[in-house]
Amino acid sequence: MPEPLTPGELLALDRRHVWHPYGPMPGRQDPLIVESAAGVRLRLAEPAEGRSELIDGMSSWWSAVHGYNHPVLNEAARGQLDRMSHVMFGGLTHEPAVRLAARLVELTPEPLQHVFLADSGSVSVEVAVKMCLQYWRSLGRPDKRRLLTWRGGYHGDTFQPMAVCDPDGGMHHLWSGLLPRQVFADAPPPGFDAPPDPAYEAHLRDLVARHAHELAAVIVEPVVQGAGGMRFHSPALLRVLREACDEHDVLLVFDEIATGFGRTGELFAAGHAGVSPDVMCLGKALTGGYLTLAATLCTTRVADGISRGELPVLAHGPTFMGNPLAAAVALASIDLLLGHDWRQEVKRIETGLREGLTATAALPGVRDVRVLGAIGVVQLDHPLDEAGMAATTRAAVREGVWLRPFRDLLYTMPPYITGDDDLARICAALHAAARAG
Ligand SMILES: *Cc1c(COP(=O)(O)O)cnc(C)c1O
């Protein structure tokens, strides 16, 4: 082993050479150095604001639902590591990938029967789009190649996903002329419990009808729009989309990369509406936050369509497709989730967040507080600039909690194993951050 770097050396190298998400080069702000993590706690190499441990309010971006360093997931990874960490998936197969695919088919709505294991959420969206485009091409309708979505969405950072991210928040202007031009509906009316809005429903139906001749698919995040603005909408809108797509011969894609595996209180958010898509993307919590893995599921209709085409195969095959290590951990993570009363855990967190954030809603500068499942959002009445982001993050760290605000949003989606005391501290940190913002 080489000599460990001192925190100072590590930060200097980080700043000079390492890109961080949506970061400048060289870096302008020092990230916190995490030495290890266990349960819901991140252990820092150097104390920050007097804290050497932080409660993770982010689940590492929706993924670490069971917390860190979990003995069951560690064992699954070790067991698989001793057999093989990877083999190519072309011409070869293995038990972890096959069992995982079968498990996903069993858990998701009945019509979804076929699984493409991709290596990240964005790639799974690329594959979903490719499936839809190839389906229509195979059926002799290559003009059906545009996508429809609603504003306020987020589907990843590669080019197809970027084209269906919110056109204002998603930095589209940078890429005008380069991104495929998609069809955008207005953002869904806010609120999981929002009453039916006939005008908005008519707007959706009308757009699908008018563009059906050129639409391959409608793609949305069901119930929760995540990184596009942490907004919730009525599940009834998913039924409207399903009906409109059926009526006008358009495929429906649900991006459940953030919402999947219980986060919103249903195993998959589509379950709130009892609606099944033609194609579904999963990622983030799939491996319990251990390794990068995503999946695109589709119906037999879509798979058969593709197979009848001029190119009768799905033309995609990443090097690390079906990675055994990730698949083995994913299987263990799913067993762990379903082996607990996860519904009750998510409900408990929902109640804790609702109660814990009541006072925050009354703070000056706070526009809205909303909670759904194990997701708590504090929306400010102004966007945070770089200094505001630093100040709010620092305020949370002072409370012993890790949060990562963006734009006008302070939010948490804690690991499901977060205890009531730690949850109360997360709420206190959101409150402190809102005061600092
Ligand atoms: C995070 C996310 C993605 C992108 O996943 P990556 O693994 O970051 O590529 C796509 N869609 C949704 C809804 C997401 O939350």
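All ligand and atom numbering here is 1-based and tracks the order in the structure. Below, each value reflects all heavy atoms present in this structure, side chains not excepted, and no hydrogens, waters or symmetry copies. Note that the numbering runs from 1 along the sequence shown for the chain.
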Query raised in the report: Hey, is ligand 1 close enough to Glu221 that some N/O pair sits below 3.5 Å?
Result: no
Query raised in the report: Can you tell me how far CG of Leu147 sits from NE2 of His155, rounded to the nearest 0.5 angstrom?
Result: 9.5 Å
Query - 4.5 Å side-chain heavy-atom contact, Thr393 and Trp402 - result: yes
**Report entry** Backbone or side-chain N or O of Gly121 under 3.5 Å from ligand 1 N or O
**Finding:** yes
Query raised in the report: Which residue supplies the protein heavy atom nearest to atom 1 (C) of ligand 1, what is that atom called, and how far is it?
Result: Lys284 NZ, 1.5 Å
**Report entry** Atoms of ligand 1, numbered as shown, that sit under 4.0 Å from any heavy atom of Gly156
**Finding:** 4 (C), 10 (C)
Report task. May I ask you to decide if Val329's main-chain N or O and Gln80's side chain share a donor-acceptor pair within less than 3.5 Å? Result -> no
Query - Heavy-atom nearest neighbour in the protein, as seen from atom 8 (O) of ligand 1, with distance rounded to 0.1 Å - result: Ser122 OG, 4.4 Å
Query raised in the report: Going by distance only, is there an N or O of Asp255 that falls short of 3.5 Å from an N or O of ligand 1?
Result: yes
Query raised in the report: Do the rings of His66 and His70 sit parallel, tilted or perpendicular, given the 30° and 60° boundaries?
Result: perpendicular
Query - Part of Trp62 with heavy atoms under 4.0 Å of ligand 1, whether side chain, backbone, both or neither - result: neither
Query raised in the report: Do Asp278 and Tyr135 have side-chain atoms, one donor and one acceptor, less than 3.5 Å apart?
Result: no
